[in-house]
Amino acid sequence: MVLSYVTPYIRHIVVIGLAAVLFAFLSREPTGGVGKESHEERAVHNAGEQLFTEQELAKYDGRDGSKGLYLVILGYVYDVQKGVKHYGPGEAYNMFVGHDASRSFISGDFEEYDSEMSDVSSLTDSEVKSIVKWKSFYDENYVYKGKVIGRYFDKNGDFTEYHKVVLERVARAEEAESKPKQEFPSCNVEWKQETGTKVWCSSRSGDGIERGWVGKPRRYVKEEDKTPYCVCVPDGSEGGNLVPFDNCDSASEECYVRDDK
């Protein structure tokens, strides 16, 4: 049964539980071998990576007669045989093996497989970046086997256009996270010789994204800041580091700042 009815909070707890269980078995030794591969499956990419079709990968689900226990994330294949007590048939995370269920690492829907679970386009950039962190977990703790031909890799083992977009989204998330977080959006600023500097707020000031409120301009002052700067604050956000501009109505959405101050 898919956990579509589970609240976001509960899904978050479930995913955290998955992480805890996986990390608990990092140091476990393999409990079984992997079956022999067919001649066709031994065809390798020029980097020594094995390329799997989705049909070939389905043979590695750990069931009777299968060839092993392979998990896929973002098109990359890992041997998770040493985690058989979690990934094996009938175990909690068996849905993750034999196919790519990348989105489930974020959604928490991992009780029943859906063929579109490899599609991460509905996730935010930050959530996609989190899946890349999960991939790092498998890089560090399980045996890498190759790639799946399909959504993420073409028949030559090269990135598909879809995969390139995913990488761009991860880069955007990393860039956004590297920028200092600002509690309030910055003001619009304009300078004219006749009037000096004008600061004002709008519903799109700061990042250009419509936020549903305008705000009032305030000087944002911190001890470590040599130069105060202007931010837009909603009604009720007063005091502390937020200081009204001199000679400006505190209820106004715009102020003219004296440049000689």
Side-chain angles (χ1 to χ4, degrees), residues 8-9 11-24 26 45 47-49 51 70-78 80 83 93 96 99-110 114 116-154 156-189 203-212 220 222 224-225 227 229-232:
Y9 176 77
R11 286 189 180 189
H12 179 67
I13 296 300
V14 171
V15 174
I16 290 176
L18 169 61
V21 172
L22 290 175
F23 276 96
L26 290 183
H45 190 43
E49 298 167 316
L51 299 180
Y70 286 7
L71 174 145
V72 187
I73 182 169
L74 299 177
Y76 295 92
V77 182
Y78 299 87
V80 294
Y93 309 123
F96 282 100
H99 41 239
D100 190 332
S102 296
R103 192 174 69 232
S104 299
F105 282 92
I106 299 300
S107 69
D109 296 335
F110 51 83
D114 182 315
E116 293 301 308
M117 284 182 172
S118 63
D119 181 9
V120 299
S121 59
S122 63
L123 303 179
T124 65
D125 292 353
S126 180
E127 288 173 332
V128 174
K129 180 175 178 290
S130 294
I131 296 180
V132 173
K133 289 183 179 180
W134 273 109
K135 177 185 174 299
S136 297
F137 166 82
Y138 290 99
D139 284 331
E140 295 172 3
N141 299 289
Y142 290 94
V143 178
Y144 171 67
K145 302 301 291 186
K147 304 168 180 175
V148 181
I149 299 170
R151 192 182 296 275
Y152 292 93
F153 295 99
D154 63 22
N156 297 314
D158 297 322
F159 290 156
T160 59
E161 288 304 312
Y162 180 97
H163 199 157
K164 292 175 183 178
V165 170
V166 168
L167 295 178
E168 290 172 359
R169 295 185 63 192
V170 172
R172 284 203 303 268
E174 292 175 342
E175 181 180 4
E177 291 176 8
S178 68
K179 294 180 179 178
K181 296 186 183 300
Q182 188 166 306
E183 186 176 1
F184 301 106
S186 57
C187 302
N188 298 306
V189 182
S203 60
R204 297 175 66 88
S205 54
D207 54 15
I209 299 175
E210 183 69 37
R211 62 174 176 270
Y220 189 61
K222 282 188 175 181
E224 61 269 27
D225 293 330
T227 305
Y229 53 95
C230 182
V231 296
C232 295

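One is the number of the first residue; the rest follow in order along the sequence. The structure presented is a predicted model; accordingly, all values stated were derived computationally and were not measured.
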Check whether any side-chain N or O of [X] sits under 3.5 Å from a backbone N or O of [Y] as a donor-acceptor pair, and report yes or no.
| X | Y | answer |
| --- | --- | --- |
| R211 | S205 | yes |
| K145 | V77 | no |
| R103 | S122 | no |
| N156 | D158 | no |

**Request:** Report the C-alpha distance between Y93 and V80 in whole Å, list the side-chain angles of each, state the deciding distance to 0.1 Å, and finish with yes or no for side chain to side chain contact (heavy atoms under 4.5 Å, CB included).
**Result:** CA-CA 11 Å; Y93 309 123; V80 294; over 6 Å; no
Rounded to the nearest 0.5 Å, what separates atom [atom1] in [X] from atom [atom2] in [Y]?
| X | Y | atom1 | atom2 | value |
| --- | --- | --- | --- | --- |
| S102 | Y76 | OG | OH | 11.0 Å |
| D139 | K133 | CG | NZ | 14.5 Å |
| Y162 | D154 | OH | CG | 15.5 Å |
| S126 | R172 | OG | CZ | 12.0 Å |
| I73 | D100 | CD1 | CG | 8.0 Å |

**Request:** Give a yes/no on whether the SG-to-SG distance for C230 versus C187 is below 2.5 Å.
**Result:** yes
Residues [X] and [Y] bridged, charged N to O under 4.0 Å:
| X | Y | result |
| --- | --- | --- |
| E161 | K164 | yes |
| K129 | D125 | no |
| R151 | E116 | yes |

**Message:** Over 60° means perpendicular and under 30° means parallel, so tell me whether F105 and F96 are parallel, tilted or perpendicular.
**Reply:** tilted
**Asked** Relative to the ring of Y142, is the ring of Y138 parallel (under 30°), tilted (30 to 60°) or perpendicular (over 60°)?
**Response** tilted
Quick check: closest heavy atoms across [X] and [Y], and the distance to 0.1 Å?
| X | Y | value |
| --- | --- | --- |
| E49 | G146 | CB-CA, 4.4 Å |
| S121 | R169 | O-NH1, 3.6 Å |
| V148 | F153 | O-CB, 3.6 Å |

**Request:** For the pair H99 and S118, evaluate side chain to side chain contact (heavy atoms under 4.5 Å, CB included) and give the outcome as yes or no after the intermediate values.
**Result:** CA-CA 8 Å; H99 41 239; S118 63; over 6 Å; no
**Asked** Run the side chain to side chain contact (heavy atoms under 4.5 Å, CB included) check on I131 and V166 step by step: do they pass?
**Response** CA-CA 11 Å; I131 296 180; V166 168; over 6 Å; no
**Request:** Carefully, step by step, assess N141 and Y78 under the rule side-chain hydrogen bond (donor to acceptor under 3.5 Å, both in side chains).
**Result:** CA-CA 10 Å; N141 299 289; Y78 299 87; over 6 Å; no
**Item:** Name of the residue among V165, V128, I106 meeting side-chain contact (heavy atoms from CB on, under 4.5 Å) with V120
**Value:** V128
**Message:** The test is side chain to side chain contact (heavy atoms under 4.5 Å, CB included); show your working for Y152 and F159 and say whether it passes.
**Reply:** CA-CA 6 Å; Y152 292 93; F159 290 156; over 6 Å; no
